[in-house]
Amino acid sequence: MEIYAPTGNTGEPQRSLAAPIPVLNGLSLGILDNTKPNARVLLDRLAERLTERVGLTLAKAEVKNAALAAPDQVLESLSKEVQVVLTASAD
Amino acid sequence: MSLDTPQIFKIPDSSERELQDLFLEKGWGDGLPMVAPTRDRVEEMLSASKDLDPDEVIASLPPRDGIATRRIIAVNAVMAGCKPEHFPVLVSAIRALSAPEINLRGVNATTHCVAPLLIVHGKAARDGDYNSGLGAFGPGNLANATTGRAVRLILHHVAGATPGTGDASTQGSPAKYSYCVAENLDSSPWGGYARSVGINDESAVTIHCGEAPHNVHDMESSEPSAILDKVASTMTSWGQNNAPISQGEYFIALCPEHASTCSSHGWSRSDIASYLFNKATVNVGEARKAFELRAWAPWQHALEDTDTISMTEKPENIKIFVTGGAGKHSCIIPSWGMTKSVTVPILP
């Protein structure tokens, strides 16, 4: 018997991850808070640790809706002022 | 754009049990037995699209960015148990799901229990024997059950909405197995829903990404306001996503008898929506206390704690259609929130 696989092909991903930055020391750090409960607590703590350990400087924080992509003006604002952005959270 | 033919597996002739085990082993399916998508069965399904290219891309579905061609949709339709006459409804539903306003990436990935509801309108509902009468939400009707199931299989197989990796729903939902209903056009005093949103084709399908139905029981009332007060009460429970997300829509599925009571008093669809907008309200201070995170319209943020706020930011977000048979139970289908319903003509 011959059967088709139901999964099909995949297309090009609409977005891809940026290449990791090898040296963080001296760079400006931004936070992109997705406003989920406790997201900011987690992100602030991570930023604090990174500042202490690898010499990043927290320069800017922005917020976005958890269920939607960040608006262009938020991404533009971050890209102008920082080299590294922290964004991650669950409920 | 067309793509290569999907992968074909040669498997030894096997027992039904071995075949179902193979599906499970490959991570295919919703846990229930499926029909084997053989070449002959897939070709028969595709015959509903006549001469159209079977490998034409209908949609790219996130989060996997899986490509849904007619052939891949047909493969999943066979597995779900659809008949060829259901295929154009399914293809159109997949087209609708890929509309940007659906926000399918969010719908598939959220921790919420959202599932896309398909509402089949017009001639296609009659021709395909979809149930719009007694027990319309199921069980017991092949068209509703298999078309809804095929959508879920496509979300799982093609879109990658697999629990744990592409679907983070905390508890899941029975609506994620199959969620398809037909509009009861014969009992709709206001004509078809699709026409009310500007789709004048003889057949259409609506996708609304929402929760499973919340019942509205009213055996007593002979006035629209008394029935709709119960609808409004059902709309104002704190647990639904519409409570903190004001752009969310509500679908109000009125049973024919409730619809008839409203219509016989001269109430139109928009009258019902306006009434519910004004009645389905909560206290602003209590809403602020209940939700730390509130996705409200800017003007709503300016309201005082002592004011009231509607559960959705405008009456147009309250959508009315008729389904079901004899009896006095209607239902509401709240939204996931960050999504808008889409109605499209049924095209093969």
Side-chain angles (χ1 to χ4, degrees), chain A residues 1-20 29-48 58 60-79 82 84-91, chain B residues 3-14 19 22-23 26-29 34 36-42 57 60-69 71-76 78-79 103 105-107 109-112 153-154 156-158 160 168 170 245 292-293 295 336-339:
Chain A
M1 181 193 283
E2 286 187 340
I3 60 167
Y4 282 109
T7 49
N9 300 299
T10 53
E12 289 296 314
Q14 292 168 358
R15 296 281 188 279
S16 56
L17 293 175
L29 172 68
I31 283 176
L32 182 54
D33 174 5
N34 75 353
T35 65
K36 279 279 188 182
N38 296 319
R40 194 54 183 271
V41 175
L42 176 69
L43 292 167
D44 280 346
R45 187 66 60 84
L46 273 172
E48 193 181 304
L58 180 59
K60 189 165 186 64
E62 287 277 6
V63 294
K64 70 177 277 287
N65 183 292
L68 301 172
D72 287 345
Q73 66 267 29
V74 167
L75 296 178
E76 274 174 32
S77 156
L78 281 167
S79 65
V82 303
V84 186
V85 175
L86 274 179
T87 182
S89 171
D91 286 322
Chain B
L3 289 174
D4 298 337
T5 302
Q7 197 177 4
I8 291 177
F9 288 90
K10 283 189 179 176
I11 58 173
D13 287 341
S14 53
L19 182 66
L22 175 76
F23 292 156
K26 291 194 171 296
W28 298 344
M34 294 183 295
T38 60
R39 279 178 190 270
D40 288 350
R41 287 170 179 158
V42 172
V57 175
S60 170
L61 303 175
R64 178 174 170 261
D65 296 310
I67 301 298
T69 60
R71 192 185 306 274
I72 278 294
I73 295 171
V75 171
N76 284 276
V78 168
M79 293 177 100
N103 187 11
R105 183 180 298 275
V107 166
T110 179
T111 51
H112 181 253
L153 292 183
I154 290 165
H156 174 58
H157 296 142
V158 184
T170 306
I245 303 174
E292 202 173 289
L293 170 62
W336 167 54
M338 297 296 176
T339 178

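Protein chains get the first letters and strands the later ones, always in sequence-line order, with residue 1 at the start of each.
Contacts between B:Val158 and chain A at a heavy-atom distance below 4.5 Å involve backbone atoms as well as side-chain atoms. At a 4.5 Å heavy-atom cutoff, B:Thr110 makes no contact with chain A through either its backbone or its side chain. Heavy-atom distances place no part of B:Arg41 under 4.5 Å from chain A, backbone and side chain included.
Between B:Arg39 and A:Tyr4, the shortest heavy-atom contact is CA-CE1, 4.0 Å.
For the side chain to side chain contact (heavy atoms under 4.5 Å, CB included) with A:Thr7, the lone residue among B:Lys26, B:Gln7, B:Arg64 that qualifies is B:Arg64.
Atom CE of A:Met1 sits about 10.0 Å away from atom CG of B:Leu22, to the nearest 0.5 Å.
More than 12 heavy atoms of other residues, nucleotides or ligands sit less than 6.0 Å from atom CD of A:Glu2.
Remark: A:Ser77 pairs with A:Glu62 by the side chain to side chain donor-acceptor pair (under 3.5 Å) rule, at least two apart or across chains. With sequence neighbours excluded, the residues forming a side-chain contact (heavy atoms from CB on, under 4.5 Å) with A:Val82 are A:Ser28, A:Ala59, A:Lys60, A:Leu78, A:Val85, listed by chain and number.
Across A:Asn65, A:Ile3, A:Thr10, the residue that shares the most heavy-atom pairs under 4.5 angstrom with chain B is A:Ile3.
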